[in-house]
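Read the numbers this way: they start at 1 and go in the same order the structure lists the ligands and their atoms.
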Amino acid sequence: MTDRLPHEKGFHVSWDQLHRDSRALAWRLDGRGPGEDGAWKAVVAITRGGMAPAMIAARELGIRTVDTISVKSYEHQNQSGAKVLKAPDAEMMGDGTGILVVDDLVDTGRTLELVRELYPNAHFATVYAKPMGNKQVDTYVTEVSQDTWIFFPWDMALQYVEPYRGKD
Ligand SMILES: O=P(O)(O)OC[C@H]1O[C@H](OP(=O)(O)OP(=O)(O)O)[C@H](O)[C@@H]1O
Ligand SMILES: O=c1[nH]c(=O)c2nc[nH]c2[nH]1
Ligand SMILES: [Mg+2]
């Protein structure tokens with residue numbers, strides 16, 4: 001996105017790390033819902049990046065009702081133009097009460113801002129957060145600096161690298 005700072009650093013997340021961090025997120029949310037015994041009504045993943053963390057959190061918390069919201073961000077000249085391409089079940093969502101909305105990360109906060117406008121009473125959780133957007137998140141696990149690009153395991157592949165001293 002044009003308004004993002006250049007990314008000086010890279011934060012590489014393996015599947016194993018993502019699993020551990022998503023579990024840690026789930027444990028922080030355990031018993032904090034508005035239902036009996038602090039139960040949550042449902043998990044809603046912001047696609048696509050929120051799907052793996054949402055699945056892990058739903059499994060940890062014993063939540064079987066899982067839905068998705070798809071948000072597409074557009075590059076407009078003067079204002080943000082995020083648009084919902086696919087909404088979760090309206091009856092289930094209501095104003096968001098008891099709903100755990102999960103994404104992989106918050107960066108500028110634009111995606112969560114839009115979803116928050118639609119469901120103001122939902123609880124917003126991400127695994128990773130950058131400072132620009134962290135006020136949009138209720139619960140997260142790890143903060144990285146704004147000039148860090150987070151590389152997720154689904155965007156990466158193992159590759160051969162030359163030895164430091166070159167080939168024999
Ligand atoms: O805080 P923001 O600046 O809005 O950025 C965060 C969003 O950007 C990425 O999704 P992206 O829109 O790239 O789509 P994807 O999840 O399908 O990869 C990420 O998964 C978050 O949803
Ligand atoms: O893979 C990603 N890494 C990031 O740091 C990021 N910020 C916004 N969208 C992102 N996607
Ligand atoms: Mg996303």
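- Checked by atom type and distance alone, the side chain of Ser14 pairs as donor or acceptor with a backbone atom of Gln17 at under 3.5 Å.
- Ligand 2 has an N or O atom lying under 3.5 Å from an N or O atom of Ile150, backbone or side chain.
- At a heavy-atom cutoff of 4.0 Å, ligand 1 is contacted by no atom of Leu112, backbone or side chain.
- Rounding to the nearest 0.5 Å gives a distance of 5.0 Å between CG of Leu100 and CG of Leu29.
- Remark: ligand 1 atoms within the under-4.0 Å shell around heavy atoms of Asp104 are 19 (C), 20 (O), 21 (C).
- Ion pairing between Asp138 and Arg116 holds under the 4.0 Å rule for side-chain N and carboxylate O.
- Considering each of Thr148, Asp107, Thr111, Asp104, the one bringing a non-hydrogen atom nearest atom 8 (C) of ligand 2 is Asp107.
- Heavy-atom contacts from other residues, nucleotides or ligands closer than 6.0 Å to OH of Tyr160 number more than 12.
- Geometrically, ligand 1 and Gly49 share a nitrogen or oxygen pair separated by less than 3.5 Å.
- Contact check on Asp67 versus Lys86 returns a salt bridge, with a Lys/Arg side-chain nitrogen under 4.0 Å from an Asp/Glu carboxylate oxygen.
- Between Val44 and Thr68, every side-chain heavy-atom pair lies at or beyond the 4.5 Å cut-off.
- At a heavy-atom cutoff of 4.0 Å, ligand 1 is contacted by both the backbone and the side chain of Asp107.
- Judged purely by distance below 3.5 Å, without hydrogens or angles, the side chains of His123 and Thr139 pair a donor atom with an acceptor atom.
- Contacts with ligand 2 closer than 4.0 Å are made by no heavy atom of Thr108, backbone or side chain.
- Below 30°, between 30° and 60°, or above 60°: for Phe152 and Trp154 the angle between ring planes is below 30°, a parallel geometry.
- Set against the non-hydrogen atoms of Phe152, the atoms of ligand 2 under 4.0 Å away are 1 (O).
- Using a 4.0 Å cutoff on heavy atoms, Gly133 does not count as a contact of ligand 1.
- The atoms of ligand 1 that sit less than 4.0 Å from any heavy atom of Leu105 are 6 (C), 19 (C), 21 (C).
- When each atom of ligand 2 is checked for a heavy atom of Lys130 under 4.0 Å away, the hits are 4 (C), 5 (O), 7 (N).
- Interface of Thr111 with ligand 1, defined as ligand atoms under 4.0 Å from a residue heavy atom, comprises 2 (P), 4 (O), 7 (C).
- Under a 4.0 Å N-O distance rule, the pair Lys130/Glu143 does not qualify as a salt bridge.
- On a distance-only criterion, Ile46 and ligand 1 share no N/O pair closer than 3.5 Å.
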